[in-house]
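None of the values given here were measured: they were computed from a predicted structure. Side chains included, hydrogens not; waters and symmetry mates left out as well; all remaining heavy atoms used.
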Amino acid sequence: MKERGDLVLLTKSIISFPGLGIGDFSLDNVAITIGENFSVYWYGVIITCGIIFAYLYAVYRGKYESVCFDDTIDIVIWTVILGVVGARLYYVLTSLDKYVDGTFLGTLKNMLNLRGGGLAIYGGIIGGILGILISTRFKKISTIKVFDMAAPGVMIGQLLGRWGNFFNGEAFGGIVSEKNPLYFMRMGIISNNSISDFGTTEMVYVHPTFLYESLWNLTGFIIINALYKKKKFNGQIACMYLSWYGFGRMFIEGLRTDSLYIGNTGIRISQLVGLICFVVFGALLVVGLIYSKKFDGDESKLNALDKILVPSLVENPVFFARKAAVAEGAEQTVEPEVEDVTVDDNADPDEEISNVEEAEKETENGEDN
């Protein structure tokens, strides 16, 4: 423990989960120290692992969506770069007072200092979406299919990334009442953030919101991954992810002590965005499922308005699978063979004509049947 004026600085966090039978233990947020001044933090290590696993999942799903390995590399480069930029920009713009330093260069330096912390997942999602839009347009790949490929992978990155918050001793909620049904999951914590939030160096027992969100994303990933190959329209997986995550974040954000607010309104930004995601993408999911049932693998059943409302339906893999099956069946259709009629030189010509006519009639009857 160090002191700087009236501020107590802890080099480690002290954590416990008494309701789960886990006693006090210390947690260092530094994974590796190189030299005297450079440290690699667990937060960065875990976020990097989340990105890698998310990418590997997208590659796995790319086989189903007919997106080759080389194309996924190009897509992920754009997505990761713009995702990080978006996450940082979103956080900075919603908390400018933390970065303004009186001078332009000082302010810019603070804004670019990622090692000082400050990334927002919604900004990362927005940046990632922009990266996918740019890369798929350039590569001429179905953008909606790539959204489906990426969505469950993002959930993997999120459920892992929250454990980076755990190592930093942050992203927790308020103090848990003994009457609260989640009291058994309470987390005891002493960290720089808990001292700042609650004004005490004693252990406080709070909602482990990082754990709630991690478990919520894990549950969503299991469900969505299981339903992936049964999707009814392109974009369904992305809608499921955004509505699922938005619904959970809407409630979990309300428990946190470090939320970003819209000015002095008392409205939590992430909670509002979560609500919007749940309503908008939940509605799109319902509409898509309704129209996919109407579609039922037959493009002719959709009118011009239908195609405008749900354009991804005309690229539905189910439709193409059925269309291919129909085409394959047509190729395998064999015309009925006409039996050769042997003409006897000594036979009566009228009798020969009669035999040919009878053979043709039999053939026509066979086709009609």
(request) Please confirm whether the backbone N or O of I144 pairs with a side-chain atom of N234, one donor and one acceptor, at under 3.5 Å? (result)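 Checking the backbone N and O of I144 against the side chain of N234, no donor-acceptor pair under 3.5 Å is found.
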
(request) Kindly compute the distance separating OH (Y245) from SG (C277), expressed to the nearest 0.5 Å. (result) 9.0 Å

If we ignore angles and hydrogens, is there a donor and acceptor under 3.5 Å between the side chains of [X] and [Y]?
X    : Y    : result
Y241 : Q158 : yes
S13  : S191 : no
D197 : T257 : yes

(message) Centre-to-centre under 6.0 Å for Y212 and H207, is that the case here?
(response) yes

Within the 4.5 Å heavy-atom criterion, are [X] and [Y] side-chain neighbours or not?
X    : Y    : value
I269 : Y122 : no
S214 : F166 : no
Y228 : R61  : yes

(request) Could you tell me whether E213 and R162 make a salt bridge, using a distance below 4.0 angstrom between a side-chain N and a carboxylate O? (result)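 Result for this pair is yes, salt bridge flagged.
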
(request) Salt-bridge test for R186 and E178: reply yes if a basic N is under 4.0 Å from a carboxylate O, no otherwise. (result)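 Salt bridge flag = no for E178 with R186.
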
(message) By the definition side chain to side chain contact (heavy atoms under 4.5 Å, CB included), identify the one residue from N165, N29, T48 that meets it with Y43.
(response) N165

(message) Tell me whether the rings of W244 and W216 are parallel (<30°), tilted (30 to 60°) or perpendicular (>60°).
(response)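 Plane angle under 30°, so parallel.
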
